[in-house]
Every structure is written in structure tokens, then in C-alpha cells.
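Keep in mind that what you see is a predicted model, and the values were worked out from it rather than measured.
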Amino acid sequence: MQGFANFMWLLSLALIVFSGFALIDAAVRREDAYRAADKKTKPFWLIILGLAFVVNLIFNILSFLPILGLIATIVYMVDVRPALRQITGGGRRGGSSSDGPYGPYNGGR
């Protein structure tokens with residue numbers, strides 16, 4: 001029984017970290033990127049993810065509310081975050097669109 005309790009504690013901690021990361025990520029994104037990606041607004045996602053974070057802190061993982069918070073966090077991470085990164089160019093590390101896996105492509109020059 002102690003092993004199950006330890007597993008549930010680790011799972012709860014992972015949910016807290018996951019929702020906290022999503023909340024911080026949503027907070028540092030630009031407001032206009034949300035509108036450009038047509039993904040609601042920044043305050044909407046901050047409220048939803050903030051509630052998910054608080055619910056994960058307060059409630060047991062086996063209750064209903066943390067599962068709703070997990071769903072909201074997953075929606076942000078797999079739908080909203082990639083769209084925002086595409087709009088703001090957050091996926092690239094300072095490269096241009098012509099950069100290949102071994103450096104910039106210069107057209108054979």
C-alpha cells in the first residue's frame with residue numbers, strides 16, 4: 001500500500017510541475033500572438049491554467065477536478081503552445097528559414 005501512495009504522490013507532483021510549466025509558458029507569451037493564432041486570449045488561458053495549477057495543489061489526484069485541470073493543460077500544450085510558437089518563431093534558435101541540418105543553404109554558391 002505504501003508503494004501505491006508513493007506513486008500517487010509522484011504523479012501528483014508531476015501534474016503540479018506540468019501545470020506550473022504551462023502557466024509560466026502562457027504568461028511569457030505575447031498577447032497579440034494569441035489573437036494571431038486565433039486561440040482565445042491570454043487572460044483566458046492564464047485563468048484556466050492558474051485554476052488548474054491551484055486545483056492540482058489543493059485536491060487529491062483521484063478526485064474529478066485535477067483531471068479537468070490536466071485536460072486543460074494538455075489542450076494548451078498540444079494545441080495552443082505550438083500555434084503560439086509558430087506565430088512568434090519560438091521553435092528556432094536564431095536561424096533563418098533557409099537553414100538546413102548542416103547550416104545555411106546558399107543555393108550552391
Side-chain angles (χ1 to χ4, degrees):
M1 205 59 170
Q2 183 66 27
F4 181 73
N6 288 339
F7 174 74
M8 294 307 285
W9 182 83
L10 286 174
L11 191 59
S12 178
L13 183 65
L15 282 178
I16 291 168
V17 169
F18 185 53
S19 62
F21 173 78
L23 178 62
I24 291 169
D25 185 72
V28 299
R29 302 287 175 181
R30 296 186 343 226
E31 167 67 34
D32 59 337
Y34 287 89
R35 286 180 273 136
D38 196 27
K39 299 294 181 185
K40 298 288 185 189
T41 63
K42 183 175 182 173
F44 172 82
W45 283 108
L46 288 177
I47 290 169
I48 295 296
L49 295 172
L51 286 173
F53 181 73
V54 170
V55 162
N56 285 329
L57 282 176
I58 294 174
F59 291 100
N60 186 2
I61 194 168
L62 295 176
S63 63
F64 185 66
L65 289 176
I67 294 171
L68 291 177
L70 175 64
I71 292 170
T73 304
I74 290 172
V75 166
Y76 176 80
M77 293 298 286
V78 300
D79 183 37
V80 178
R81 186 173 186 252
L84 295 176
R85 290 181 75 186
Q86 185 177 15
I87 295 291
T88 60
R92 290 186 231 121
R93 302 265 186 234
S96 72
S97 63
S98 65
D99 282 353
Y102 305 108
Y105 176 73
N106 58 12
R109 292 179 272 189

Quiz prompt | Linked, directly or transitively: V78 and L49 (ILVMFWY side chains, under 4.5 Å) | solution = yes

Table please: side-chain donor-acceptor pairs of residues 55-73 below 3.5 Å, with sequence neighbours left out.
unit_1, atom_1, unit_2, atom_2, d
N56, ND2, S19, OG, 3.3
N56, ND2, A52, O, 3.2
S63, OG, N60, O, 2.7
T73, OG1, G69, O, 2.8

Quiz item: Is I24 linked to L84 within one hydrophobic cluster, defined over Ile, Leu, Val, Met, Phe, Trp and Tyr using a side-chain heavy-atom separation of less than 4.5 Å?
Solution: no

Quiz prompt | Positive for side chain to side chain contact (heavy atoms under 4.5 Å, CB included) with F44, one of I47, L46, I48 | solution = I48

Quiz item: Counting distance only, does the side-chain N/O of K40 pair as donor-acceptor with the main-chain N or O of Y34 below 3.5 Å?
Solution: no

Practice problem: Establish whether V17 and M77 are linked, either directly or via other cluster members, by ILVMFWY side-chain heavy-atom contacts under 4.5 Å. | Solution: no

Quiz item: Roughly how far, to the nearest 0.5 Å, is OG1 of T41 from CD of E31?
Solution: 6.0 Å

Quiz item: Same cluster or not: are I16 and F21 linked, directly or through other Ile, Leu, Val, Met, Phe, Trp or Tyr residues, by side-chain heavy atoms under 4.5 angstrom apart?
Solution: yes

Quiz item: In Å and rounded to the nearest 0.5 Å, what is the OG1 to CG distance from T88 to D32?
Solution: 9.5 Å

Quiz prompt | Atom pair CZ (R29) and CD1 (I87), whose distance is rounded to the nearest 0.5 Å | solution = 11.5 Å

Practice problem: Report whether V75 and L15 are members of the same hydrophobic cluster (ILVMFWY, side-chain heavy atoms less than 4.5 Å apart, transitive linking). | Solution: yes

What pairs of donor and acceptor atoms, side-chain ones from residues 4-13 against any protein atom, are under 3.5 angstrom apart with sequence neighbours left out?
unit_1, atom_1, unit_2, atom_2, d
N6, OD1, Q2, NE2, 3.3
N6, ND2, Q2, O, 3.4

Exercise. Enter the distance from Y76:OH to R81:CZ here, rounded to the nearest 0.5 Å.
Key: 7.0 Å

